[in-house]
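What's counted below: heavy atoms across the whole structure, side chains too, no hydrogens, waters or symmetry copies. Residue indices begin at 1 and follow the sequence shown.
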Amino acid sequence: MKLSNIKYMAVAAVASVTLTACEDFLDRPSEDTYNVDNFYKTDEQFLSSVNYLYNSPWYDFQRGFIKVGEVLSGNYYWGSSPYMNFSVNGSDEDLVNMSYSLWAVIGHANTVYETLKGNSSNSAAKSQAMGEALTWKAMAYFYLVRSFGDVPIVHSTIEQLQDGSYTSIAKARRSDVYDYIILTLEKAMTLLQRSTTPGRIDYYAAEGLLAKVYLTKAGVSGALSASDLNMAASYAKDVIDNSGRKLTENYGDIWKLTSNNDPESLIAWRWTVGSQWTSQNTLQSDLGIEGMDEFGDCWGGWNGLSVDLQEAFGVKLLEAGSADQWLSNPDTRLKATMMLPGFTYDYMWQDKGGFNYLDFIYDKTYNTAATGSLQSATGANCVKHMYGNTADHVAALGISPARMAYALATHILRLSDVYLIYAEAKLGPNRATSTDADVLDAYYAVHQRAIPTATYPTSVSWSDIWKERRLEFAMEGDRWYDFVRVSYYDPQFCVNELRNQKRNQFWGLDDVYKTYQSSGSWKIDLSKQGYDTSTSAPNVTVMLRKDSQVGNQGYFALPMAAEDVLFNGNLGSNVEGIHIDVRATYSY
C-alpha cells in the first residue's frame, strides 16, 4: 500500500477487525459481524484490534528486509540482483513492495490508534493496544527514514483524507523524522504496560527501540551528538537493568519454532498460518534450499552467505586444511547463521533424525529430492529463518504449514542489540576505546554468550562493537542500516569497507563437498577451485545522497519508489525535505 494509496488505508484498517489468526496472543474472534461501533467492549477485543499489525501489513517488506539489509551490506550473495552491485532503482519490484508495506503499516497503525482513542473506555488493555500501534508506527518510520532518507510525516491518516493533503505532502528532513519517531515512542511508553503476554510489545520493547533510534539519530547532523548518545545509553541501560529480560543462554535456540516468544526478542513479526494471506512468513521460500519442505516452494539454494561474512567468522574455505576450521569454530553464531559442510541441526527434519546439510544435497536415501550437486554460489546456505518441514512445524506449534506459509517468528529487535547499543553509545562522540566496566560488561555479555570460552576484555573499541554487531545480527535485516547510520557522520569509512568486501562467488566447490560427504576428506586444488576476482567491486558511491544542510556530505539512501514520485513530485529522491518543528506541530 504505497503512499499514493493512502486513501485506502483507513478503510482497510477498520475492516481488519474481522481478520483471523491462529497462534498464542494472536487468537481473535472470528465473527464477521463486528464493526467499529460495537466491537471494542472487552479487553480481548481491544488487544485483538492491533494483533494484525504484527504480521499482515509487513508481508511485502520481507524480501526487501533481506535484499536491503543483507545483500546491499555484503552479508548475502543473491545472484544478479541489483542489490549486489548497487544498481537498484525506484522501479525495482522489491523496493516498490518495501515502500508499499511500510506505508501500509503507518496507515493501519494510525487508524487503529485513532479508532481506539475515540473509544470512551478507560481500560488498560485499550491503552496497551494503542501503545502497540504507535510502536509499530515508529518501527515503520524507522525503516523508512533509514532506507529513503527524508520522507513525509503522515501523522493522521484520517485528517489527510479529509483535507486532501496526501496528494501534495512534502518530505520532512531526516532529523525531523527521527524527532517524530522519538515523539511517537515517548507516547507509546506512556500507554504500554511494563510486562504483558509473552510476544506482545511492552514498555521495555518500545524503550529498547527508542535507544536504537537515538543511537542512529546521533550522527544525522554530520557529527556524533554527545547528548543523543547519552540518551541512547540511558534508555538502553534501563532496559538492561529493569526489564527483567535475559539473554537466551544458547544463541541457536532463538531461531527455533519453539522459541517464537523467546524473552530475548523485544519486537518481532508474529506470523500465522491461516485463511488471511499476508499473515504468514515466507522467508524460507526465498532463503531455503530446494526441497527443504514438502511444498516445492524453496528456491534460495543458489544464493548463500557471502564469502566476506564467512571470513568475518574466520572461515576460509579455499585455505582450510580441514573442516575443523568451522566445525571447531568457537563462535556458536556461525552454525546458527550458515550451513557449512558437516553441520547438522537436530531441530529441523526431526522425523528424519535431524537435518544434515551435505546428506540433504547428495544422499537420496536421506532426501529423495536431493539434487546431487551443490547449489550455493558461496558454499554456505542460510539457517536463520528456516523452520524445516511439516513435521517440525506441527511438533512445535500444533498446526501445519502450507505453501509459502509458516509461523516462525521474525525477530527484529533483540536484547543483545540493546546491550551493544549501550556499549557503543557509552564510547561517546569520539568513539574512544573504553575500559569502563559498564561498557566491558555489556560487550562481554553478548560476546561470551556466543563464544563461551571468551575471556573478559581489558578494553573495548568501536571496531570491536562494529564487528560484533555484524556477527550477532547477520541475516536479521539490520547490517545495511548500520552502514546507513555510520554514513551520516563517516561516509568514507562505509564506502571503503563496502568496496573492499568479498561479495562474489566461489567456483568448483561441488567436487570438494562431494568428496567430503563421501570420505570425510577436505581437499582443495586451487587449479580446480577458486574465487571470482573478475567481477569488480560495486560503485558504492551511487547510493550516497548529498545533504545541503550538512555541507553536501553524502549519506546512504535508496531511491524513492517511482510510483510514489509520479504521484507526488515532492517525493523525488533529489528533493530535500523541509524543516518541521515536530513538537510544536504534532501531538498524540
Side-chain angles (χ1 to χ4, degrees), residues 1-2 53-79 81-84 88 92-106 108 135-148 151 209 212 216 254-255 260 265-272 278-288 298-300 303-306 309 337-338 382-387 404-414 417 469-470 472-485 543 556-559 561:
M1 195 169 300
K2 296 174 281 294
L53 290 178
Y54 285 78
N55 47 56
S56 285
W58 292 96
Y59 178 78
D60 285 309
F61 184 57
Q62 287 185 89
R63 184 167 288 174
F65 177 67
I66 297 299
K67 286 195 172 180
V68 174
E70 303 301 326
V71 179
L72 265 181
S73 68
N75 273 352
Y76 193 71
Y77 178 91
W78 195 309
S81 167
Y83 294 85
M84 284 289 298
V88 63
D92 177 78
E93 180 181 7
D94 296 315
L95 182 139
V96 169
N97 286 337
M98 177 178 164
S99 172
Y100 171 111
S101 186
L102 295 174
W103 286 116
V105 175
I106 291 167
H108 285 283
T135 303
W136 281 122
K137 176 181 178 178
M139 179 64 83
Y141 259 117
F142 194 36
Y143 277 119
L144 273 170
V145 69
R146 292 180 298 164
S147 297
F148 302 108
V151 291
L209 178 57
K212 189 163 186 171
T216 306
I254 300 169
W255 316 107
N260 265 359
S265 179
L266 298 176
I267 302 177
W269 295 321
R270 307 288 177 183
W271 305 105
T272 71
T278 72
S279 68
Q280 78 277 16
N281 186 341
T282 60
L283 285 172
Q284 179 165 294
S285 292
D286 269 341
L287 303 175
C298 294
W299 40 78
N303 305 321
L305 287 298
S306 73
L309 181 61
T337 302
M338 65 182 78
C382 187
V383 178
K384 289 180 182 177
H385 312 296
M386 302 296 105
Y387 74 86
M404 295 180 64
Y406 11 96
L408 180 65
T410 306
H411 308 297
I412 54 177
L413 180 66
R414 296 193 285 111
D417 200 348
R469 290 191 61 83
R470 184 181 194 186
E472 178 72 14
F473 306 117
M475 294 307 295
E476 295 180 49
D478 197 59
R479 187 58 174 177
W480 175 250
Y481 297 114
D482 270 341
F483 278 114
V484 169
R485 68 177 175 85
M543 204 65 75
F556 284 140
L558 291 162

Plane angle bin for Trp78 and Tyr76 - parallel if under 30°, tilted between 30 and 60°, otherwise perpendicular: perpendicular

Qualifying residues under side chain to side chain donor-acceptor pair (under 3.5 Å), relative to Thr337, sequence neighbours excluded: none

Exam field: side chain Lys384 to backbone Glu476, donor-acceptor pair closer than 3.5 Å: no

Residues that Arg469 engages under salt bridge (charged side-chain N to carboxylate O under 4.0 Å, His left out), provided they are two or more places apart: Asp417, Asp478, Asp482

Backbone N/O of Ser101 and side chain of Asp60: donor-acceptor pair under 3.5 Å: no

For Thr282, side chain to side chain contact (heavy atoms under 4.5 Å, CB included) partners two or more places apart: Tyr59, Gln62, Gln280, Met404, Tyr406

cation_pi(Arg485, Tyr481) dist<6.0 Å, angle<=45: no

Between Phe556 and Trp480, ring centroids under 6.0 Å: yes

4.5 Å side-chain heavy-atom contact, Ile106 and Leu144: yes

Heavy-atom pair with the smallest gap, counting every atom of Val151 and Phe148: CG1-CB, 3.9 Å

N/O donor-acceptor pair under 3.5 Å between Thr410 side chain and Ala268 backbone: no

Partner set under side chain to side chain donor-acceptor pair (under 3.5 Å) for Lys67, not counting sequence neighbours: Asp94

Rounded distance (nearest 0.5 Å) linking atom CG of Leu102 with atom OG of Ser147: 6.5 Å

Residues which pass side chain to side chain donor-acceptor pair (under 3.5 Å) with Arg146, listed by chain and number, not counting sequence neighbours: none

Results of ring-ring contact (aromatic ring centres under 6.0 Å, His included) for Phe142 - residues two or more places apart only: none

Closest approach of Arg270 to Asn55 (non-hydrogen atoms, all atoms of both residues): O-ND2, 3.0 Å

Partner residues of Val383 under the side chain to side chain contact (heavy atoms under 4.5 Å, CB included) criterion, sequence neighbours left out: Met339, Tyr345, Tyr347

Whether Trp269 and Trp58 hold their rings parallel, tilted or perpendicular, with breakpoints at 30° and 60°: tilted

Partner residues of Glu70 under the salt bridge (charged side-chain N to carboxylate O under 4.0 Å, His left out) criterion, sequence neighbours left out: none

Counterpart residues, side chain to side chain donor-acceptor pair (under 3.5 Å), relative to Ser265 (two or more places apart): His411

Asn260 versus Ala409, closest heavy-atom pair with distance: OD1-N, 2.8 Å

Those residues that, when tested against Asp286, pass salt bridge (charged side-chain N to carboxylate O under 4.0 Å, His left out) (two or more places apart): Arg63

4.5 Å side-chain heavy-atom contact, Leu95 and Tyr83: yes

Non-hydrogen side-chain atoms of Arg414 and Phe473 separated by less than 4.5 Å: yes

Pairing residues for His385 by the ring-ring contact (aromatic ring centres under 6.0 Å, His included) criterion, not counting sequence neighbours: none

